[in-house]
Peer 1: 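Sharing a structure with you now.
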Amino acid sequence: MRNRQETPNYDPGAIEKKWQKQWEADGLYHSDIDESKPKHYALTMLPYPSGDLHIGHWYAMTPSDAHARFMRMQGYNVLFPMGFDAFGLPAENAAIKNNIHPKVWTYKNIDRMRTQMKTMGAMFDWRREAISADPEYYRWTQWFFTQLFRNGLAYRKESPVDWCPNCNTTLAREQVWGDDRHCERCDTPVIKKNLVQWFFRTTNYAEELLYYDGIDWPETVRLLQTNWIGRSTGANVTFKTAVEGHQFDIFTTRPDTLWGATFMVLAPEHELVSKITTPAQKDEVEAYVEQALRQTEIQREATDKEKSGVFTGEYAINPVNGEQIPIWIADYVLTTYGTGAIMAVPAHDQRDFEFARKFGLEVRVVIQPSGVEPISGDEMTEAIPAKGDGVMVNSGEMSGTPGEIAIQKVNQWLEERGIGHAETQYRLRDWLISRQRYWGAPIPMVHCPKCGSVPVPDHQLPVLLPDDVEWKPTGESPLKLHPTWRFTTCPTCGGEAERDTDTMDTFMCSSWYHLRYLSPKYDKGPFDPKEYDYWMPVDTYTGGIEHANMHLIYTRFFHKACRDMGITEGHEPMMQLRNQGMVLGEDGEKMSKSRGNTVPPDELVQKYGADTVRAYLIFFSRWNQGGPWSYSGIEGTSRWLRRVWAMVLEAPQNSGSANERTIRNLRRKVHQTLASITRDYENFEFNTIISSLMELSNLMIQSKQDGASATRAWDEAVDIYLKMMAPVTPHIAEELWAGLGKPYSIHTQYWPKVDNEAAAEDEITLVVQVNGKVRDKIVVPADISDADAEKTALTSDAIARHLEGKTPRKVIVIPGRLVNIVL
RNA sequence: GGGCCGGUGGCGGAAUUGGCAAACGCAUCAGACUUAAAAUCUGACGGUGGUAGCACCUUGUGGGUUCGAGUCCCACCCGGCCUACCA
């Protein structure tokens, strides 16, 4: 109020535009190879150009940007690129709805979102922008496909696959969610279809993907991936049918229960079913198979469904004891896992138990748990899981083997007899890559009646996506309906051939975008090796945890496959991963248009400025946790920035000189804050960065009132303060920095160093407890000895009152903190 | 059913990783400034009792370890996420 005349108002709209222009004009955020500096590749997951920048994008990108800026001030040459994951279904859906070409829709959205993103003031190097729908980008996506094909990592097969009837396309296993098995994009329950599709051999890497050596990834992501990959160990055992001697393998995690197998179960789709079924059972079996297949088509539903199945009429010989046991078929056995056939041990497996009880099959106990009465198969009401503490019984010569060594011993026994061998199974499936949609990178393969599937040669890439296509979904690939596009000649024999009319899963595009950023215009390969050698691997990667089992698995697979093909180096693409949580609406619910609880970032920027929005987003909660938005909360952050503005610019009310104690306290707080904020930036703990800055400005404002503003300590405090806030609130920091006549730009300054002497406390508050209860607080010199601390504590009046004349049994002294007197 | 994460004032959240619970902010209340309002500034603000010094209670519940537990261990309750006939 007093200084309105001379102090300009904080006008974020004006200063933010000004500096964004200046930074762009100066190329302040261009990052080029510089061998004299250590490099830091900071990456945040690229957005899909949905049309509008969402507050979630701000939430994801702001801390990523702040951390990148911090690293830059730490002396690193930082690369922080941005681009667009531009292929994908929403473009087609919007196209259908509004009758606008997917390409037009997508590129219009990109322009809009790029403009919006620039208002964030992030240090993106836009020269490195990559857009996955550009032909110069997907040329290399296609090139990678042909590389994978040539190296045996891409193959084509017919199989029952997940089909989304709404999106009219197949999906990868990872893109089918929830207990009702719905489409990840549109929530429609998926159905099964038998189709010929392209797959990548992700399962080749199942084992290696379980190792996270040398990378710093959150425990939760590693756990999600580990569970998804689903490693289980056991044995494969070969059985024969009794009559015709057909061989078939089963997988079991409990080979030590082999003697308890009282029947076998094949999946209805198992190839042996038609061969072994006896004439008497034929009608019943065929009816069941048909019903099971139809059911799969509708949906292989319901976990708590009643067991069903049919006897084939044929028996199997149990290789461990020569017994004949009946072979059934049942839909609780899946073709897609293991060998599609199991031995059933009802005494020790709940599913088998339910099946046995329903159909009156024998239940035979072969593992006797310790400390329990011998159990009888007839009397059991549920299966007794075979745990490690049991002992094998009713198992011929293996009887008496203790549980801890049973599996290993049986495996050895099986191997010696050539009956079976130890085996590891993974739940992970190969990655289904074909999509029956238009807006994607065409699969660069040609199908020739003579030569089979032939990859399009490198010099013919990219296989361009034609513009003149009827993209309305019919269940057929739109490219198939194009009058001419699919007809071509075979690259091998020159004969008439057809192109593959499917496009690739967009997760293929995003599996390597971090490589394209290195050199988005490079045309001799997917990336410039010079750039690769300098920048890779990604040092810090940030993004949502929802990608744990999709993008983050795919990109690791992709990198490992490329390594084995000699394209990349190292075992992992991203060294450090950090996940953000989710900003919820003010009502604590997930934001959605239908709920009406979305938060529009553009309006907030207009009202408060980008710096306030950035600061509030990282202040309101722990970043990896997320939480509800608050419109009144952001007012507090806005208030803080206005206070800082006034603190730096307004003429002091008290221009006298501060006393020594004020100066000492000011410097101590500044350097203590610097130490804790430095640690917070390093650890991605952003919310406490803001609260520490608020605390410090509260003290600085007080110091200023006490006459500190004409001192060197004050200048130092302001200098450090602006540098500490620069990564989070880059515009106001730059403006105030410039206003003080300091050299442009604050963002190229080095991070200040902590003065440990200044930060040291010379007095501490000694907490004195009696029997663990705080009874006194005494200010003492910081370097007080344990003995003196004890003496001081014991002589306090307040303590004496609580001692009631008794002699302490024990006194515990925690140096610099407290004394606990135990009576 | 299995796995994981979480539960701290009216609200969002801090807590040096076993050492003063509630930092910082929001909301609220009171006061200053103002003709008035906004903005700004000052103060109060976990609960109970007391004029007060102070005392007792308090981190989902119950137990345990420890001189000392929001933090470690055991059991349970609640909420969220993932997964699911995976043999």
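In the text below, chain A, chain B and the rest are named by the order of the sequence lines, each starting its count at 1.
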Peer 1: When you compare B:U8 with B:U61, how far apart are their P atoms, in angstrom units rounded to a whole number?
Peer 2: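 B:U8 and B:U61 have their P atoms separated by 10 Å.
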
Peer 1: Verify whether one side chain among A:Asp430 and A:Thr203 offers a donor that lies under 3.5 Å from an acceptor in the other.
Peer 2: yes

Peer 1: Verify the contact: side-chain N or O of A:Gln769 to OP1 or OP2 of B:C67, cut-off strictly under 4.0 Å; return yes or no.
Peer 2: no

Peer 1: Check every atom of B:G13, B:G19, B:C4 against the side chain of A:Gln625 and return the nucleotide holding the closest atom.
Peer 2: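 That would be B:G13.
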
Peer 1: Give each stem of RNA chain B as a range with a range, requiring at least 3 consecutive Watson-Crick or G-U wobble pairs whose two distances are under 3.5 Å.
Peer 2: B:1-7 with B:77-83, B:10-12 with B:24-26, B:28-32 with B:40-44, B:46-49 with B:54-57, B:60-64 with B:72-76

Peer 1: Among B:C4, B:G25, B:A23, which nucleotide has an atom closest to any side-chain atom of A:Ser691?
Peer 2: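 Nearest to the side-chain atoms of A:Ser691, counting from C-beta on, is B:A23.
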
Peer 1: For residues A:Asn549 and A:Tyr554, is any side-chain donor paired with an opposing acceptor at under 3.5 Å?
Peer 2: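 The criterion, which ignores hydrogens and geometry beyond distance, is not satisfied for A:Tyr554 and A:Asn549.
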
Peer 1: With distance as the sole criterion, is a donor-acceptor pair present between the side chains of A:Asn597 and A:Asp587 under 3.5 Å?
Peer 2: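 Side-chain D/A pair, A:Asn597 to A:Asp587: present.
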
Peer 1: When the P atoms of B:C73 and B:C4 are considered, how many whole Å apart are they?
Peer 2: 13 Å

Peer 1: Return the polar atom pairs (N/O with N/O) between nucleotides 41-45 of chain B and the protein under 3.5 Å, or none.
Peer 2:
from  : atom 1 : to       : atom 2 : distance (Å)
B:C41 : OP1    : A:Arg643 : NH1    : 2.8

Peer 1: Considering only B:C20, B:A15, B:A87, which nucleotide approaches the side chain of A:Lys777 most closely?
Peer 2: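 So the nucleotide nearest the side chain must be B:C20.
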
Peer 1: Give me the distance, rounded to whole Å, that separates B:U42 from B:C33 when you measure between the C1' atoms they each carry.
Peer 2: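 That atom pair is separated by 11 Å.
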
Peer 1: Nucleotides 51-54 of chain B: which of its N/O atoms have a protein N/O under 3.5 Å away?
Peer 2:
none

Peer 1: Which one, B:G13, B:U16, B:G3, comes nearest to the side chain of A:Ser621?
Peer 2: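 Of the options given, the side chain of A:Ser621 lies nearest B:G13.
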
Peer 1: Quick one: is A:Asn687 getting a side-chain N or O under 4.0 Å of the B:A23 phosphate, OP1 or OP2?
Peer 2: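 It does not, given that no N or O in the side chain of A:Asn687 lies less than 4.0 Å from OP1 or OP2 of B:A23.
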
Peer 1: Centre of A:Trp217's six-membered ring, under 6.0 Å away, within 45 degrees of the axis: is that where NZ or CZ of A:Arg556 sits?
Peer 2: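 So A:Arg556 does make the cation-pi contact.
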
Peer 1: Hey, does A:Gly588 reach any base, or is it just sugar-phosphate, or nothing, if we go heavy atoms under 4.0 Å?
Peer 2: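 Here A:Gly588 touches no strand at all.
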
Peer 1: Are side-chain N/O atoms of A:Arg427 and A:Asn227 paired as donor and acceptor at under 3.5 Å?
Peer 2: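 Their side chains do not contain a donor-acceptor pair, so the 3.5 Å distance test is not met.
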
Peer 1: How far, in whole Å, is B:G47 from B:A36 if one measures between their C1' atoms?
Peer 2: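 Result for the C1' pair: 39 Å, nearest Å.
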
Peer 1: Indicate, with a heavy-atom threshold strictly under 4.0 Å, whether A:Asn227 touches base, sugar-phosphate, or nothing.
Peer 2: sugar-phosphate

Peer 1: Using atom C1' of each nucleotide, how far apart are B:U59 and B:G7 to the nearest Å?
Peer 2: 9 Å

Peer 1: Can you sort out which residues in residues 337-347 of chain A have a heavy atom within less than 4.0 Å of RNA chain B? Ascending by number, please.
Peer 2: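 Residues of residues 337-347 of chain A that come under 4.0 Å of RNA chain B are, in numerical order, A:Tyr337, A:Ile342.
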
Peer 1: Tell me yes or no: between the side chains of A:Tyr332 and A:Glu354, is some donor less than 3.5 Å from an acceptor?
Peer 2: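 Absent: no donor and acceptor within the cut-off.
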
Peer 1: So, for A:Phe684 and A:Phe686, is the gap between ring centers shorter than 6.0 Å?
Peer 2: yes

Peer 1: Tell me which nucleotide among B:C24, B:A87, B:A15 gets nearest to the side chain of A:Thr688.
Peer 2: B:A15

Peer 1: Given the side-chain rings of A:Trp328 and A:Phe359, with only the six-membered ring counted for Trp, is the space between their centroids under 6.0 Å?
Peer 2: yes

Peer 1: Indicate, with a heavy-atom threshold strictly under 4.0 Å, whether A:Asn698 touches base, sugar-phosphate, or nothing.
Peer 2: sugar-phosphate

Peer 1: Is A:Lys773 close enough to B:C57 that one of its side-chain N or O atoms is under 4.0 Å from OP1 or OP2 there?
Peer 2: yes

Peer 1: Could you state the atom-to-atom distance from CG of A:Leu641 to C1' of B:A39 in whole Å?
Peer 2: 16 Å

Peer 1: Enter syn or anti for the glycosidic conformation of B:U17, syn applying to angles within 90° of 0.
Peer 2: syn

Peer 1: If you only use heavy atoms from C-beta on, which nucleotide in B:C20, B:C67, B:G12 is closest to the side chain of A:Ile812?
Peer 2: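 Per side-chain heavy atoms of A:Ile812, the pick is B:C67.
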
Peer 1: With sequence neighbours left out, which residue pairs that include part of residues 681-693 of chain A fulfil the side chain to side chain donor-acceptor pair (under 3.5 Å) condition?
Peer 2: A:Asp680-A:Thr688

Peer 1: Can you see whether A:Glu174 engages A:Trp228 through a side-chain donor-acceptor pair at a distance of less than 3.5 angstrom?
Peer 2: yes

Peer 1: Taking only the side-chain heavy atoms of A:Ile814 (C-beta and beyond), determine which of B:G25, B:A87, B:G19 contains the nearest atom.
Peer 2: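 Selected nucleotide: B:G19.
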
Peer 1: What I want to check is whether the side chains of A:Glu761 and A:Gln672 have a donor and an acceptor closer together than 3.5 Å.
Peer 2: yes

Peer 1: Return the value, rounded to whole Å, for the distance between atom CG of A:Asp349 and atom C1' of B:A87.
Peer 2: 6 Å

Peer 1: Return the value, rounded to whole Å, for the distance between atom CD of A:Glu695 and atom P of B:G25.
Peer 2: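 Taking CD of A:Glu695 and P of B:G25, I get 8 Å after rounding.
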
Peer 1: When the P atoms of B:A14 and B:G63 are compared, how many Å lie between them, rounded to an integer?
Peer 2: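 The answer is 29 Å between these two P atoms.
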
Peer 1: With a non-hydrogen cut-off below 4.0 angstrom, is A:Gly636 in contact with a base, only sugar-phosphate, or nothing?
Peer 2: sugar-phosphate

Peer 1: Only one of A:Trp640, A:Tyr608, A:Trp629, A:Tyr631 clears ring pair (Phe, Tyr, Trp, His ring centres under 6.0 Å) with A:Tyr616; which?
Peer 2: A:Trp629

Peer 1: Under a plain distance cut-off of 3.5 Å, with no hydrogens placed, do A:Tyr337 and A:Ser232 share a side-chain donor-acceptor pair?
Peer 2: yes

Peer 1: Could you work out the separation of B:G18 and B:A69 based on their P atoms and round it to a whole Å?
Peer 2: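 After rounding to an integer number of Å, I get 14 Å for this pair.
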
Peer 1: Students often get this wrong, so: under 4.0 angstrom with heavy atoms, is A:Phe619 touching a base, only sugar-phosphate, or nothing?
Peer 2: base

Peer 1: Scan A:Thr336 against the nucleic acid and name what it touches under 4.0 Å (heavy atoms): base, sugar-phosphate only, or nothing.
Peer 2: nothing

Peer 1: Ignoring hydrogens and angles, state whether a donor on the side chain of A:Arg231 or A:Gln425 is under 3.5 Å from an acceptor on the partner side chain.
Peer 2: no

Peer 1: Out of B:U40, B:G19, B:C67, which has the shortest distance to the side chain of A:Arg642?
Peer 2: B:U40

Peer 1: Verify the neighbour count for atom CD of A:Gln350: are there more than 12 heavy atoms of other residues, nucleotides or ligands below 6.0 Å?
Peer 2: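 More than 12 within 6.0 Å, yes.
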
Peer 1: Around atom CE of A:Met380, are there more than 12 heavy atoms from other residues, nucleotides or ligands closer than 6.0 Å?
Peer 2: yes

Peer 1: For A:Gln769, enumerate each residue passing the side chain to side chain contact (heavy atoms under 4.5 Å, CB included) test, keeping only those at least two apart in sequence or located in another chain.
Peer 2: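 A:Gln769: side chain to side chain contact (heavy atoms under 4.5 Å, CB included) contacts with A:Val767, A:Val774, A:Leu818, A:Asn820.
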
Peer 1: Is the shortest side-chain N/O distance from A:Arg427 to OP1 or OP2 of B:C85 below 4.0 Å?
Peer 2: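 Indeed not, no polar side-chain atom of A:Arg427 lies that close.
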
Peer 1: Among B:A87, B:U16, B:C20, which nucleotide has an atom closest to any side-chain atom of A:Thr253?
Peer 2: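 Minimum distance to the A:Thr253 side chain belongs to B:A87.
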
Peer 1: Are A:Arg809 and B:C67 close enough that a side-chain N or O sits under 4.0 Å from OP1 or OP2?
Peer 2: no

Peer 1: Provide, to the nearest angstrom, the distance between the CH2 atom belonging to A:Trp623 and the C1' atom belonging to B:G13.
Peer 2: 18 Å

Peer 1: C1' atom, B:G13 versus B:C24: distance in rounded Å?
Peer 2: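 To the nearest whole Å, 9 Å.
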
Peer 1: Can you tell me whether the base of B:G13 sits syn or anti, using the 90° cut around 0 to define syn?
Peer 2: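 Anti, which is what one calls it when the glycosidic angle falls more than 90° from 0.
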
Peer 1: Report yes or no: do A:Arg222 and A:Thr226 form a side-chain donor-acceptor pair below 3.5 Å?
Peer 2: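 The criterion, which ignores hydrogens and geometry beyond distance, is not satisfied for A:Thr226 and A:Arg222.
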
Peer 1: Looking at A:Ser692, does any N or O in its side chain come under 4.0 Å of the phosphate oxygens OP1/OP2 on B:A23?
Peer 2: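 No, outside the criterion.
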
Peer 1: Taking the side chain of A:Trp228 as heavy atoms from C-beta outward, which of B:G25, B:U83, B:C26 is closest to it?
Peer 2: B:U83

Peer 1: Over all strands shown, is A:Phe251 touching base, sugar-phosphate only, or nothing at heavy-atom distances under 4.0 angstrom?
Peer 2: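 Since a base atom lies under 4.0 Å of A:Phe251, the category is base.
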
Peer 1: Contact class for A:Leu224 vs. all strands (heavy atom < 4.0 Å): base, sugar-phosphate, or nothing?
Peer 2: sugar-phosphate

